[in-house]
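Working notes, beginning with the structure itself.
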Amino acid sequence: MPSDATPTLRPLAGIHVPTITIFKDTPGQEVDIEANKKHILYLAKSGVQGVLIQGSTGEQVSLTREERFQLTRATREVAEQHGFHNFTIMAGAGAQSTQEAIMLGKDAAEAGADYACILPPSFFAPSMTAEALESFYLEVADVIPIPIIIYSWPGASSGLEVTSDGIARLAKHPNIAGIKQTDHNVGKMARNAHQTSEFVVLGGASDYLIGALAVGAHGVITGIANFFPHVIIHLYELYKQGKLAEATKLQGEVSSAEWAILGGGIPATKVVCHAS
């Protein structure tokens, strides 16, 4: 890990929210920093462990470099101002080149993020071998001052994903801390959690949360927690307390809600957030 990395890392296990990004209703559609801060504060007060800002749910592909920096800085500021000093912030830093991912990772660190969540470059997917994918993450991890969360979502990466054998190799790097598995592959979560001792495995949705926890995953980054954070926290706690019958019943309800709402994509998520 680079020498200027955060000495004591905020936790990754638990419930995290890939936050929406709120834009102003103006011709320029500028990011509404104050509205975003209110949403972050709502989530922090709900008891979630942290957030992933400017991820896929946060429409990172629509944001400029400066907007990303401003959002990250505002997120850390509002958490600190209200006493949430242990609030974990992951910032999306995926890019189509190693150098841009490094730049965004350094920006995220300077603005106050704890971790950089990074999709692999995928524009030239046919040329991205397994070795090239692993080399990309290693090269970024060697340079940026905060740990990497590998973002595994083949649907947004032209089908690319690092194999579980590759994850086991990457997990040995001191600046690669975990993985967000929006590949929704519970079997792969089991392999990743089993092969690596301190590497953190986070599911990318909550409609299989207790299944993921049962095979060794440590938590989840779930969009539905933008508007139902208390429900997802309660589900997580029921499982951790060994109340499996109650957890299973609630899991079915969460799964049904997630299917109904998140099937409408980011617009549906924003509509429900606004209504809440």
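A distance-only check finds a donor-acceptor pair linking the side chain of Tyr115 to the backbone of Arg10 [under 3.5 Å]. Although no hydrogens or angles enter the test, the distance criterion places no donor-acceptor pair under 3.5 Å between the side chain of Glu134 and the main chain of Val162. For Ser46 (side chain) and His230 (main-chain N/O), no donor-acceptor pair under 3.5 Å exists by modelled atom type. Between the side chain of Glu258 and the backbone N or O of Ala205 there is no donor-acceptor pair closer than 3.5 Å. In this structure, the side chain of Ser158 engages the main chain of Ser122 through a donor-acceptor pair within 3.5 Å. The closest donor-acceptor contact from the side chain of Thr129 to the backbone of Ala132 lies under 3.5 Å.
There is a side-chain donor-acceptor pair under 3.5 Å between Ser152 and Asp183. Between the side chains of Asn192 and Gln181, at least one donor N or O sits under 3.5 Å from an acceptor N or O.
The side chain to side chain contact (heavy atoms under 4.5 Å, CB included) test with Glu100 singles out one residue from Thr98, Leu104, Ile102, and that residue is Leu104.
Residues Gln60 and Leu119 have side chains in contact (heavy-atom distance under 4.5 Å, counting atoms from C-beta outward). Here the side chains of Leu63 and Thr21 are in contact, with some heavy-atom distance below 4.5 Å. For the pair Asp207/Leu262, no side-chain contact is recorded, criterion being any heavy-atom separation below 4.5 Å from C-beta on. Using a 4.5 Å heavy-atom cutoff, the side chains of Ile40 and Ile53 are in contact. With contacts defined as side-chain heavy-atom distances shorter than 4.5 Å, the pair Phe69/Thr64 does not qualify. Residues Phe23 and Lys270 are in side-chain contact: their nearest non-hydrogen atoms beyond the backbone lie under 4.5 Å apart. Side-chain contact between Leu52 and Thr19 is absent, with no heavy atoms from C-beta onward closer than 4.5 Å. In this structure, Leu250 and His234 have side chains that are in contact, with non-hydrogen atoms separated by less than 4.5 Å.
For Gln241, the CD atom is densely surrounded, since the number of other residues' heavy atoms within 6.0 Å is greater than 12. A 6.0 Å sphere centred on CG of Asn86 holds more than 12 heavy atoms belonging to other residues, nucleotides or ligands. Annotation for Glu131: atom CD does not count as buried by contact number, only 12 or fewer foreign heavy atoms lying within 6.0 Å.
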**Report entry** Criterion side-chain contact (heavy atoms from CB on, under 4.5 Å) on His173 and Asp142, from CA distance to verdict
**Finding:** CA-CA 9 Å; His173 194 291; Asp142 281 343; 2.7 Å; yes
Query raised in the report: Which is it for Phe124 and Gln96 under the side-chain contact (heavy atoms from CB on, under 4.5 Å) test, yes or no, and what are the steps along the way?
Result: CA-CA 9 Å; Phe124 298 104; Gln96 292 303 314; over 6 Å; no
Report task. Walk me through it: do Lys240 and Glu237 pass the test side-chain contact (heavy atoms from CB on, under 4.5 Å)? Result -> CA-CA 5 Å; Lys240 288 295 186 179; Glu237 291 175 343; 5.5 Å; no
Query raised in the report: Under the side-chain contact (heavy atoms from CB on, under 4.5 Å) criterion, do Val201 and Lys188 qualify, and how do the steps go?
Result: CA-CA 10 Å; Val201 176; Lys188 187 177 179 181; over 6 Å; no
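Note on Met90 and Leu9: same hydrophobic cluster, where clusters join Ile, Leu, Val, Met, Phe, Trp and Tyr whose side-chain heavy atoms are under 4.5 Å apart, directly or indirectly. A chain of hydrophobic side-chain contacts below 4.5 Å, direct or via other Ile, Leu, Val, Met, Phe, Trp or Tyr residues, connects Val220 to Ile89. Residue Ile146 is grouped with residue Leu138 when hydrophobic side chains (ILVMFWY) are merged at heavy-atom distances under 4.5 angstrom, including chains of intermediate members.
A salt bridge links Glu253 with Lys249: the closest approach of a Lys/Arg side-chain nitrogen to an acidic carboxylate oxygen falls below 4.0 angstrom. In summary, Asp107 and Arg73 do not engage in a salt bridge, as defined by a charged side-chain N under 4.0 Å from a carboxylate O.
In this structure, Pro229 and Tyr42 approach most closely via the heavy-atom pair CD-OH, 3.4 Å. When all heavy atoms are compared, the tightest approach of Val17 to Ala225 is CG2-CB, 3.6 Å. The two residues Leu235 and Ala247 have their closest heavy-atom pair at CD1-O, 3.3 Å. For the pair Ile20 and Asn36, the tightest heavy-atom approach, listed with the atom from each and the gap, is O-OD1, 3.7 Å. Closest approach of Asn226 to Leu43, counting heavy atoms only: O-CD2, 4.0 Å. Nearest heavy atom pair, residue Ser206 against residue Ile232, reads OG-CD1, 3.8 Å.
One finds the CD1 atom of Ile221 at 4.5 Å from the CG atom of Leu202 (value rounded to the nearest 0.5 Å). Note that CD of Gln54 is 4.0 Å distant from OG1 of Thr72, once rounded to the nearest 0.5 Å. Distance check, rounded to the nearest 0.5 Å: CG of Leu133 to OG1 of Thr163 gives 9.0 Å. Rounding to the nearest 0.5 angstrom, the gap separating the CD atom in Gln49 from the CD1 atom in Ile233 is 10.0 Å.
Applying the ring pair (Phe, Tyr, Trp, His ring centres under 6.0 Å) definition to pairs two or more places apart or across chains, those involving residues 189-219 are His184-Tyr208.
Annotation: side-chain contact (heavy atoms from CB on, under 4.5 Å) contacts of Ala214 (sequence neighbours excluded): Tyr239.
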